[in-house]
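One structure below.
The structure displayed is predicted, hence computed values, not measured ones.
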Amino acid sequence: MTGLVIVGHGTRSAAGVDQFAALVERVRRRGDTGDVEGGFIELSRPPLTDAVGALVARGHRALVALPLVLTAAGHGKGDIPAAMAREQERHPGLTYRYGRPLGPHPLLHDALEQRIDAALSGADRADTVLSGADRADTVLSGADRADTWVALIGRGSTDPDANAEVAKVARLLWEGRGYAGVEPGFVSLAQPSVPAVLERLRRLGARRIVVAPYFLFAGVLPDRIVAQSAEFAAAHPDLEVRVAEVIGDCDALADLVRERYAEALGGDIRMNCDTCAYRVLMPGFADKVGRPQRPHDHPDDPVGHHHHGHGHDHGHGQHHEHGSVAVVGGGPGPDDLITVRGKALLDAADVVVVDRLAPQGLLAGLRPDVLVVDAAKVPRGPSMAQEAINAALVSHARAGRRVVRLKGGDPYVFGRGHEEVQACAAAGVPVTVVPGVSSAIAAPALAGVPVTHRGVAHDVTVVSGHLPPGHPDSLVDWAALARARGTVVLLMAVDTIAKIASVLIEHGRAPETPVLAVQDAGLPGQRSVPARLDEIGALAAREGIGPPAVFVLGPVVALATTGRTD
């Protein structure tokens, strides 16, 4: 019979580890799921690799890997499959079928109902009564359901599909069971919070509330639910608040594990992909689309990719899942020239590290809690060192935050974007690049000049003018550029344009070659100044052309028909 490996997330709670082990043993005793082992992807012993290794040592080459998670967030969708892929590398020839997450399922709803009723009746020793002493000894029966509101509290996730499932369970728990109402909430990462849900129920007229943790086993977060509920109850002595137990090791959970095992063997997985943020661009979660999945580090399984910022049991700060960095090109200046994906990532960001030339108007639309880090590099003025920028990206991502590095234009066109990508990759931080509209193409276009045109120019060269010709660090072959017949676009050349023009003419470019200087492209103050190549240096100085400005030279300049000019 195909072996079963039950995969848990892990917890620093000894009680939670014991409950997981008891559940694995309960399933094993049933005898109808074959050989059974259980392991964790992080934090707790035994690690998943030990569980798989034990099954392989007993001759198993085909397994069912069952994620013991309630909702299919990042752990179920990515971390566990990535960990199993690593096990396949360690054990050549190993195959596995992946079971679907547990909920929502009527067996779990029934278990939740039992925990809630136990809290109501006071029949369970684990029932926690948090209201005033005058009500602490009240014994309630199932008949009191009509006067009881339930706050169903899930873990909370940066995966909208997982959060939506908690809301679905709340509604299913309400239907037909006679409670006054069931409201969903979350203890981390998502809203509404535990206090917010309790306050909502109080305002709806509730006088008796059972807080039901939607958790399998004990842990830091269930303890936090108790603490937050107690704090709220202390502030509202007229309100009776009780906290139910977690689902825990029980026959209902073992039955559901057996059912998911049978489904996996039969190929009946039925994963939900319609609202999966890793497949579908969901508003505010664009950073997840196509994100590569990596296994967690486990203290007893250090092999593989190392993650940072996850060394505790979700107990600190806002964030639970690993942070990430998106290097986003914001376009040439106007707020509405950023790409759709770039804007979605910006809307989802926790930290934005922004350049001086990035579209500043977009910052006004950020959430109030977003941290904005000014990484401006002002010519001959204040400047944040590139090493400091790299360090900021890495440190914020390691703290579990979604970081957007917002740059002007395209991050890979003289934007030092790849240096930032390399720094993140070296630190083990997930990083993605979102191209932007480069000013090298946009500025001429906004001034009415195509950089290529049929029969006029078949090539375009984009050149950094930051270093003048003759500078020992310059990598530009100015002589070859002078002999070329196509379009040349110069960026960062305000201070060097006169020297560049002189050298191009010296090496054969015609003095009468038309040139157009475009300043503040796309912005209300955009202006275009035309000149000949032998005049552009003096004219730019006389007209006060300043950065950001783009110089485009070549026969295409004569085609200009639109665009704002002085």
Side-chain angles (χ1 to χ4, degrees), residues 1-69 72 74-102 216-217 219 249 253-254 256-267 269 292-308 310-311 313 322 428:
M1 186 176 288
T2 302
L4 169 62
V5 57
I6 300 174
V7 190
H9 171 241
T11 175
R12 295 198 184 280
S13 166
V17 173
D18 290 344
Q19 290 170 344
F20 174 85
L23 187 277
V24 173
E25 181 59 30
R26 185 185 296 266
V27 173
R28 183 182 291 122
R29 288 199 306 267
R30 297 290 183 90
D32 53 2
T33 53
D35 205 352
V36 182
E37 290 288 344
F40 298 101
I41 58 173
E42 64 171 333
L43 297 175
S44 312
R45 301 183 66 182
L48 174 62
T49 190
D50 287 3
V52 172
L55 290 169
V56 170
R58 294 198 290 267
H60 293 283
R61 289 296 179 268
L63 304 176
V64 167
L66 182 67
L68 202 71
V69 295
H75 294 311
K77 292 177 179 178
D79 296 331
I80 296 174
M84 288 301 299
R86 187 166 66 185
E87 294 307 308
Q88 288 182 298
E89 294 177 359
R90 289 169 169 165
H91 306 285
L94 177 67
T95 63
Y96 78 96
R97 300 184 184 190
Y98 193 49
R100 61 172 167 149
L102 301 177
L216 293 177
F217 306 123
D249 167 41
L253 185 53
L256 183 50
V257 168
R258 293 164 62 208
E259 184 174 323
R260 292 289 185 255
Y261 172 78
E263 289 173 352
L265 287 180
I269 303 302
Q293 304 303 322
R294 300 179 175 90
H296 276 273
D297 265 344
H298 190 286
D300 296 308
D301 183 17
V303 179
H305 187 83
H306 287 263
H307 289 280
H308 303 273
H310 211 313
D313 200 14
H322 299 299

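A salt bridge is defined here as a Lys NZ or Arg NE, NH1 or NH2 lying under 4.0 Å from an Asp or Glu carboxylate O, and Arg90 with Glu87 meets this definition.
Taking the side chain to side chain contact (heavy atoms under 4.5 Å, CB included) definition, one finds that Ala15 meets it with Ser13, Ala218, sequence neighbours left out. Under the rule for a side chain to side chain contact (heavy atoms under 4.5 Å, CB included), Asp18 has no partner lying at least two apart in sequence or in another chain.
Nearest heavy atoms, Val64 versus Ala264: CG1-CB, 3.8 Å. When all heavy atoms are compared, the tightest approach of Pro101 to Arg260 is O-NE, 3.0 Å. When every heavy atom of Ile41 is checked against every heavy atom of His9, the shortest pair comes out as CG1-O, 3.4 Å. Closest heavy-atom contact between Pro67 and Ala65: CD-O, 3.6 Å. Nearest heavy-atom pair, Arg28 versus Val36, reported as atom, atom and distance to 0.1 Å: NH2-O, 2.8 Å. Nearest heavy-atom pair, Ala51 versus Gly39, reported as atom, atom and distance to 0.1 Å: CB-N, 3.9 Å.
Atom-to-atom distance recorded for Glu37:CD and Leu63:CG is 10.5 Å, nearest 0.5 angstrom. Rounded to the nearest 0.5 angstrom, Leu253 CG and Arg258 CZ are separated by 12.0 Å. To the nearest 0.5 Å, atoms CG (Leu216) and CD (Gln19) are separated by 9.5 Å. Here the CD-OG1 distance, from Glu42 to Thr11, works out to 10.0 Å after rounding to the nearest 0.5 Å. For the atom pair OG1 of Thr95 and CD of Gln88, the computed distance is 7.5 Å after rounding to the nearest 0.5 Å. Atom CG of Leu66 is separated from atom CD of Glu263 by 9.5 Å, given to the nearest 0.5 angstrom.
With hydrogens and angles disregarded, a donor-acceptor distance shorter than 3.5 Å links the side chain of Arg61 to the backbone of Val56.
In this structure, Asp32 and Tyr261 have side chains that are not in contact, with every pair of non-hydrogen atoms separated by 4.5 Å or more. At least one side-chain heavy atom of Met84 sits less than 4.5 Å from a side-chain heavy atom of Leu48. Contact annotation: the side chain of Pro47 never approaches that of Phe40 to less than 4.5 Å [non-hydrogen atoms, C-beta and beyond].
Relative orientation of the Phe217 and Phe20 rings is perpendicular, given thresholds of 30° and 60° on the angle between their planes.
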